[in-house]
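So that we are looking at the same thing, I have put the structure below in structure tokens.
Positions are given from 1, in the same order as the sequence printed here. Because only heavy atoms are used, hydrogens play no part in the values below, and waters and symmetry mates are left out as well, while side chains stay in.
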Amino acid sequence: MFALTQAAGCGAGHSTPVRDPQAVTDEVSTQTDAVVTMTQVKGRITGGGVTEVSCNYDSDDDPNREMLNIWSLTEVDNTTLGKAMANLVAGLPEQGWKVVKNGPDRSLSRSQEIQAVHLATKTQLDATWHKNLQRGDPAIVFDVYSRCFRKPSDN
């Protein structure tokens, strides 16, 4: 996630912007809907819903927050999921996203992972295709999340 954080303009040397939480939630929801559309696949969407979390995973008291939407695309076969990943790689740049990674993740199964940053909003995407050939059903797990921000009331 470090490469994504740096590409989105977060991290050392960058101040955390003050933003309205509802505006950030709407932004993440809009980008999530765009990602679903880009896959061009009809399947079952599980999970979902934007949640506010701390940018500091060790302390919920940190005033730096992010909005996170984790969901999965399931109940389709691996051929269809492969098309969804290919459609994402092709569609992301056309929709204002910069793909910063498209390749195997660090898991033993070396699942395909796409990481991207929306250039206008700095919303970030992590999509990982879990083929689950040994057990379970195949799925693509999506994380769509905002850059870190502070609420106006925290300043």
Side-chain angles (χ1 to χ4, degrees), residues 1-76 81 84-107 111-130 137-155:
M1 241 198 264
F2 177 76
L4 257 172
T5 302
Q6 294 302 311
C10 300
H14 294 279
S15 63
T16 306
V18 175
R19 302 192 62 207
D20 174 58
Q22 187 58 54
V24 179
T25 297
D26 294 346
E27 194 173 85
V28 170
S29 293
T30 298
Q31 294 303 334
T32 296
D33 292 344
V35 169
V36 170
T37 301
M38 275 186 266
T39 65
Q40 300 178 28
V41 169
K42 300 270 189 235
R44 180 173 175 223
I45 304 293
T46 60
V50 179
T51 303
E52 180 181 311
V53 297
S54 173
C55 288
N56 180 351
Y57 300 111
D58 294 330
S59 171
D60 200 42
D61 294 333
D62 188 327
N64 295 320
R65 314 303 287 172
E66 69 182 340
M67 296 299 184
L68 171 66
N69 190 358
I70 300 175
W71 50 281
S72 300
L73 174 62
T74 64
E75 296 187 3
V76 292
L81 292 175
M85 292 294 273
N87 291 340
L88 268 181
V89 169
L92 286 165
E94 295 172 1
Q95 298 295 319
W97 293 79
K98 177 181 179 180
V99 176
V100 296
K101 179 181 181 183
N102 177 20
D105 68 4
R106 293 181 177 175
S107 71
S111 299
Q112 182 184 357
E113 179 179 40
I114 299 169
Q115 293 179 344
V117 177
H118 190 264
L119 296 174
T121 66
K122 305 300 185 212
T123 302
Q124 299 166 62
L125 165 69
D126 187 350
T128 305
W129 175 17
H130 299 279
D137 294 325
I140 301 173
V141 177
F142 296 86
D143 295 353
V144 179
Y145 52 100
S146 70
R147 62 184 166 172
C148 292
F149 68 96
R150 287 181 183 246
K151 297 176 186 178
S153 61
D154 289 338
N155 284 321

Item to complete: Just do the side-chain hydrogen bond (donor to acceptor under 3.5 Å, both in side chains) check on T32 and N69 with the steps written out, would you?
Response: CA-CA 8 Å; T32 296; N69 190 358; 3.3 Å; yes
Discussion item. I'd like to know whether T16 forms a side-chain hydrogen bond (donor to acceptor under 3.5 Å, both in side chains) with N64, so could you lay out the CA-CA distance, the side-chain angles of the two residues, the decisive distance to 0.1 Å, and finally the verdict.
Written reply: CA-CA 7 Å; T16 306; N64 295 320; 3.3 Å; yes
Worksheet entry | salt_bridge(E66, R19) N-O dist < 4.0 Å | no
Worksheet item: Atom CG of L125 and atom CG of L92: how far apart are they, to the nearest 0.5 Å?
Response: 6.0 Å
Worksheet item: What distance separates C55 SG from R65 CZ, expressed to the nearest 0.5 Å?
Response: 8.0 Å
Practice prompt. Could you walk me through whether V50 and Y145 pass the side-chain contact (heavy atoms from CB on, under 4.5 Å) test, one step at a time?
Written response: CA-CA 8 Å; V50 179; Y145 52 100; over 6 Å; no
Discussion item. Testing the basics here: between V89 and P93, what is the closest heavy-atom pair and its distance to 0.1 Å?
Written reply: O-CD, 3.3 Å
Discussion item. So which atom in A127 and which in M85 form the shortest heavy-atom distance, rounded to 0.1 Å?
Written reply: O-CE, 3.8 Å
Worksheet item: Are there more than 12 heavy atoms of other residues, nucleotides or ligands under 6.0 Å from atom CG of D33?
Response: yes
Discussion item. To the closest 0.5 Å, what do you measure between CZ (R147) and NE2 (H118)?
Written reply: 12.0 Å
Worksheet item: How far apart are the C-alpha atoms of I114 and K101, what are their side-chain angles, what is the distance that settles it, and do they pass the side-chain contact (heavy atoms from CB on, under 4.5 Å) test?
Response: CA-CA 5 Å; I114 299 169; K101 179 181 181 183; over 6 Å; no
Worksheet item: Can you tell me how far the CH2 atom of W129 sits from the CG atom of L81, to the nearest 0.5 Å?
Response: 6.5 Å
Worksheet entry | Candidate pair D26 and Q22, rule side-chain contact (heavy atoms from CB on, under 4.5 Å), full reasoning | CA-CA 6 Å; D26 294 346; Q22 187 58 54; 2.7 Å; yes
Discussion item. Are F142 and L88 packed together at the side-chain level, in the sense that at least one heavy-atom pair is separated by less than 4.5 angstrom?
Written reply: yes
Discussion item. Could you tell me if N87 and T39 have a donor-acceptor pair between their side chains, going purely by distance under 3.5 Å?
Written reply: no
Worksheet item: Is any side-chain heavy atom of M38 less than 4.5 Å from a side-chain heavy atom of V35?
Response: yes
Worksheet item: Do Q124 and V144 have side chains that get closer than 4.5 Å, going by heavy atoms?
Response: no
Worksheet item: Roughly how far apart are I140 CD1 and T74 OG1, rounded to 0.5 Å?
Response: 10.5 Å
Discussion item. Within the structure provided, determine whether F149 and V18 are in side-chain contact (heavy-atom separation under 4.5 Å).
Written reply: no
Worksheet item: Do S146 side-chain atoms and M67 backbone N/O form a donor-acceptor pair below 3.5 Å?
Response: yes
Worksheet item: Is there a donor-acceptor contact under 3.5 Å from the side chain of D143 to the main chain of I70?
Response: no
Discussion item. Quick check for you: to the nearest 0.5 Å, what is the distance between C148 atom SG and K122 atom NZ?
Written reply: 14.0 Å
Item to complete: Determine, step by step, whether Q112 and N102 satisfy the side-chain contact (heavy atoms from CB on, under 4.5 Å) criterion, reporting the C-alpha distance in whole Å, the side-chain angles of both residues, the deciding distance to 0.1 Å, and the verdict.
Response: CA-CA 7 Å; Q112 182 184 357; N102 177 20; 2.9 Å; yes
